[in-house]
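Working notes for the structure below.
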Amino acid sequence: MRIPTRNGVGASRVSLPSGPWPTVLDFLLERMPDISRDEWLQRFADQLVLDESAQPVAATQSYKPLTKVYYYRHIANEPVLPDKARIVFEDEHLIVADKPHFMPVTPAGRYVQQSLLVQLKHLADNDDLVPLHRIDRETAGLVMFGKRLQDRDAYHALFRDKQMHKVYEAVAAFNPALQLPRLHTSRLQPDTLFFRTQEVDGEPNSETRISLLKVEGARALYQLEPISGKRHQLRVHMMALGLPLEGDQFYPTVLRGPDADEDFSNPLQLLAKSVSFADPVTGEPRTFHTTLRLNIHA
């Protein structure tokens, strides 16, 4: 049975293993200790915990191993982001949207209703939307969403098989001694800090084409074309060239952790500018451009 969405939010699934928990509540409290008992009790009372038949589960319900429960994320007093999502293009297969800085693509951390996915479900009145790729919460620009289940594998294959041409823009310091354009390759792996990525010795697994677009005194606007799609790839590659992006709170040093309060006045100057591809469903050549801009003139 399909578990319905609630207010644009899909249900999270939890499998119940064999174990000693007397109730479902006891298991959830142990599995997710960051969520308080009072909050779980409120979710049960609000019928936000369901069984496999999409029926509400009571907080006192006995634990049944090897079954599943579903719950809906809800954040009381969720912060409101300064900018809203905007649809750039829509047809029967796709939605292409502009994601502002600071907005997660899907519900994460302190943001659920403010996430791009939930906002678009409301704007398009479509609970079946699924992101076809992701960009960092700190990055602004284009994100594509599939509208129909039968089309998603074809669109996902564009990213998996590197058939999607993505262009980003970024603002960083200008170094006249650095030869551009250039292809930067390196091996990326997770850092000791879970939210960062680092370059290490070894066979390269990441590639970025880097070009200079414009110089404004000591600052410059760059075009970045990722050939691979590693986490934080563009940020790490620019840092490796001695050009960390303006507004970056993680590189080269951590100025603000992922759970810290936002500084909306200083967004990361990285923008997903355009995407180009041959549409695998319609056969049409497609190119989409963001309506957003970076602040090169500050």
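What you are looking at is a predicted structure, and each value in this text was computed from that prediction instead of being measured.
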Correct closest heavy-atom pair for E138 and L268 would be O-CB, 3.6 Å
Distance only, no hydrogens: is a donor on one side chain within 3.5 Å (strictly under) of an acceptor on the other, for S36 and D38? no
List in chain and number order the residues that pass side-chain contact (heavy atoms from CB on, under 4.5 Å) with A85, two or more places apart in sequence or in another chain; answer none if no residue qualifies. M103, L116, Q119, L120
Within residues 195-227 or reaching into it, pairs that qualify as ring pair (Phe, Tyr, Trp, His ring centres under 6.0 Å) - sequence neighbours excluded: F195-F250
Determine, for K214 against E216, whether the closest basic-nitrogen to carboxylate-oxygen distance falls under 4.0 angstrom. yes
If I compare all heavy atoms of H237 with all of S186, which pair ends up nearest, and what's the gap? NE2-OG, 3.1 Å
N/O donor-acceptor pair under 3.5 Å between T208 side chain and P226 backbone: no
With no hydrogens and no angle check, do the side chains of T197 and D191 hold a donor and an acceptor under 3.5 Å apart? no
Looking only at heavy atoms, which two atoms of A124 and E90 are closest? And how far apart? CB-OE2, 4.1 Å
Considering all heavy atoms, the nearest I296-L221 contact: CD1-N, 3.8 Å
If we check salt bridge (charged side-chain N to carboxylate O under 4.0 Å, His left out) with D136, which of these qualifies: R235, K99, K230? R235
Considering the options Q249, R137, R256, which one meets the side chain to side chain donor-acceptor pair (under 3.5 Å) requirement together with E262? R137
Measuring only between side-chain heavy atoms, which start at C-beta, is L129 closer than 4.5 Å to I95? yes
Do Q198 and V236 have side chains that get closer than 4.5 Å, going by heavy atoms? no
Over all heavy atoms of both residues, which pair between A140 and P100 is shortest? Give the atoms and the distance, please. CB-C, 4.0 Å
Ion pair present between R152 and D128, side-chain N to carboxylate O less than 4.0 angstrom? no
Sequence neighbours excluded - ring pair (Phe, Tyr, Trp, His ring centres under 6.0 Å) pairs with any residue from residues 46-67: W21-Y63, F27-Y63
Given side chains that start at C-beta, do those of N126 and K147 come closer than 4.5 Å, heavy atoms only? yes
Under 6.0 Å from the NZ atom of K64, do we count more than 12 heavy atoms belonging to anything else shown? no
Which atom names give the shortest non-hydrogen contact between G257 and V254, and what distance separates them? N-CG1, 4.2 Å
The test is side chain to side chain contact (heavy atoms under 4.5 Å, CB included); show your working for K166 and K273 and say whether it passes. CA-CA 8 Å; K166 296 174 286 183; K273 177 74 173 179; over 6 Å; no
Kindly check if the number of other-residue, nucleotide or ligand heavy atoms within 6.0 Å of CZ (R196) is above 12? yes
In the single-linkage hydrophobic clustering (I, L, V, M, F, W, Y; side-chain heavy atoms under 4.5 Å), do I35 and V49 co-cluster? yes
Same hydrophobic cluster for L158 and V130, using side-chain heavy-atom links shorter than 4.5 Å among ILVMFWY? no
With sequence neighbours excluded, residues passing side-chain contact (heavy atoms from CB on, under 4.5 Å) with P176: F174
Is the closest basic N to carboxylate O distance between R43 and D46 below 4.0 Å? no
Considering only heavy atoms from C-beta outward, does the side chain of P285 approach that of D279 to under 4.5 Å? no
Are the side chain of Q223 and the backbone of V167 linked by a donor-acceptor contact shorter than 3.5 Å? no
Which ring pair (Phe, Tyr, Trp, His ring centres under 6.0 Å) pairs, counting each pair once, include a residue from residues 135-162, with sequence neighbours left out? H133-F159
How far apart are the C-alpha atoms of R110 and E78, what are their side-chain angles, what is the distance that settles it, and do they pass the side chain to side chain contact (heavy atoms under 4.5 Å, CB included) test? CA-CA 7 Å; R110 70 189 75 181; E78 181 177 345; over 6 Å; no
Cluster question for you: counting only ILVMFWY and a side-chain heavy-atom cut-off of under 4.5 Å, with indirect links fine, are L243 and L188 together? no
Can you list every pair that meets ring pair (Phe, Tyr, Trp, His ring centres under 6.0 Å) and has a residue in residues 81-101, with sequence neighbours left out? F89-F288
Output yes when E246 and R219 qualify as a salt bridge under the 4.0 Å nitrogen-oxygen rule, no when they do not. yes
I135 versus V143: any side-chain heavy-atom pair under 4.5 Å? yes
Run the numbers on R187 and E203 for salt bridge (Lys or Arg N to Asp or Glu O under 4.0 Å), then give the verdict. CA-CA 6 Å; R187 184 165 191 82; E203 182 180 353; 5.6 Å; no
Could you check if a side-chain atom of L117 sits within less than 4.5 angstrom of a side-chain atom of P131, using non-hydrogen atoms only? yes
Side-chain donor/acceptor of E207 to backbone N/O of N205, under 3.5 Å: no
Given side chains that start at C-beta, do those of V80 and Q113 come closer than 4.5 Å, heavy atoms only? no
Please indicate whether D161 has more than 12 foreign heavy atoms, meaning atoms of other residues, nucleotides or ligands, lying under 6.0 Å from its CG. yes
Would you check, one step at a time, whether the test salt bridge (Lys or Arg N to Asp or Glu O under 4.0 Å) holds for R286 with D91? CA-CA 12 Å; R286 301 277 205 186; D91 67 6; 2.7 Å; yes
4.5 Å side-chain heavy-atom contact, L29 and R37: yes
